[in-house]
Amino acid sequence: MAFVTLEQKGPVGVITMNRPEALNALNDQVLRDLDAVLDQVEENEEILVAVITGAGRSFVAGADIGQMSTLTAAEGKKFGALGNRVFLKLENLSKPTIAAVNGFALGGGCELSMACDIRVASEKAKFGQPEVGLGITPGFGGTQRLPRIVGTANAMELILTAQTINAARALEIGLVSHVYAPEELMDKAMELANAIAANAQVAVRQSKAAIRRGLQTDMTTGAAYESEAFGLCFATEDQKDAMKAFLNKEKVTAFKNR
């Protein structure tokens, strides 16, 4: 794809937002390229975990203001719907996703990172939802995911003030899990991805699905879904092998992922 690349490194697919001359800003074509790459990740049985990062000094600096500046209300709604559809596909990918935020993650970039399951950041990363300063609202899920991740008050402050925060503050409010020196970021993200890939993948994917579904519902419904996921795992070879090894004081060297 022209603006989004996919490189497989063992069980990890590295997705790179690759429009560095525009700080990886999101326009229609970038979103469509990302959409196609996500399909490739989902269909590739060898890829167990995906890491998303940005080329150059930016993760994604936001949606393309040059494109947005002339949109009508109907066109703006259509553009927002495209971004939301692609980011929902990312969020609902069966495989775990990690955002390795290497620089600016503003507007659509912050929203892209929040559609991932885990976020890690470089010390140089910057986060924010600056849309109200441009006369618009967040349009790719920011008003929905940010309060779920950092709480209502922190989300309101970030969105309503349009302020940018650094990686240390993002860590403090729970927007990211870890902050690393820039030169360590990708190594640490890959280390995390490989740690996830080393586990039983049916259980990993069922756990992700249970968490995602539970965030959208009440505790009783979520617990019922968890029970279904829990029971399903007992039909796998991995569960049989791992529990037998545990009882024999042994360790499974590699899961079959079935």
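Note that these values count all heavy atoms, side chains included, but never hydrogens, waters or copies made by symmetry. Bear in mind the structure is a predicted one, so any value in this text is a computation, not a measurement. All residue numbers refer to positions in the sequence shown, counting from 1.
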[X] and [Y]: which non-hydrogen atoms are nearest, and at how many Å?
X    : Y    : answer
A198 : F255 : O-CD1, 3.3 Å
A61  : S58  : N-OG, 3.3 Å
V49  : A193 : CG2-O, 3.5 Å
C110 : Q129 : CB-OE1, 3.2 Å
R148 : Q144 : NH1-O, 2.8 Å
V204 : P96  : CG1-CG, 3.5 Å

Donor-acceptor contacts, no H, no angles, side chain residues 180-192, under 3.5 Å, sequence neighbours left out:
none

For this session: Report the C-alpha separation of L6 and V14 in whole Å, then their side-chain angles, then the decisive distance to 0.1 Å, and conclude whether the side chain to side chain contact (heavy atoms under 4.5 Å, CB included) test is met.
Result: CA-CA 6 Å; L6 173 62; V14 178; 6.0 Å; no
Problem set entry | Any L93 side-chain heavy atom under 4.5 Å of K208 side chain |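 In short, these two side chains touch, coming nearer than 4.5 Å.
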Exercise. Got I165 and E172 here, is their nearest side-chain heavy-atom distance under 4.5 Å?
Worked result: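 Not in contact.
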Using a strict 4.0 Å threshold on nitrogen-to-oxygen distance, state whether [X] and [Y] make a salt bridge.
X    : Y    : result
R258 : D238 : no
E237 : K240 : no
E91  : R145 : yes

Can [Y] be reached from [X] by stepping across I, L, V, M, F, W or Y side chains whose heavy atoms are under 4.5 Å apart?
X    : Y    : result
V41  : M17  : yes
L23  : F59  : no
V60  : L38  : yes
L158 : V101 : yes
I65  : I136 : yes

Exercise. Can you tell me how far the CG atom of N18 sits from the OG1 atom of T5, to the nearest 0.5 Å?
Worked result: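 Output value for this atom pair is 5.0 Å.
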For this session: With rounding to the nearest 0.5 Å, note down the distance linking CG in N24 to CD in E21.
Result: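 N24 CG to E21 CD: 8.0 Å, rounded to 0.5 Å.
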For this session: Under the side chain to side chain contact (heavy atoms under 4.5 Å, CB included) rule, what do E111 and E131 come out as? Steps first, then yes or no, please.
Result: CA-CA 12 Å; E111 289 166 315; E131 287 89 350; 4.0 Å; yes
For [X], does the [atom1] atom sit with more than 12 other heavy atoms under 6.0 Å from it, leaving out its own atoms?
X    : atom1 : result
E228 : CD    : no
K124 : NZ    : no
R57  : CZ    : no
E42  : CD    : yes
F87  : CZ    : yes

Exercise. Have E7 and T16 got a donor and an acceptor in their side chains that come within less than 3.5 Å?
Worked result: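 Distance-only check fails for E7 and T16.
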For this session: Classify the side-chain pair Q29/D33 by whether it contains a donor and acceptor separated by less than 3.5 Å.
Result: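 Note: Q29 and D33 side chains meet the donor-acceptor criterion.
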Problem set entry | Pair F79 + F140: ring centers closer than 6.0 Å |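 Yes, the ring of F79 comes within the 6.0 Å limit of the ring of F140, centre to centre.
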Problem set entry | I196/I98 under side chain to side chain contact (heavy atoms under 4.5 Å, CB included): CA gap, chis, key distance, verdict | CA-CA 10 Å; I196 294 170; I98 301 168; 4.3 Å; yes
Exercise. Hey, mind stepping through F127 and T164 against side chain to side chain contact (heavy atoms under 4.5 Å, CB included) and telling me if it holds?
Worked result: CA-CA 6 Å; F127 296 85; T164 298; 6.0 Å; no
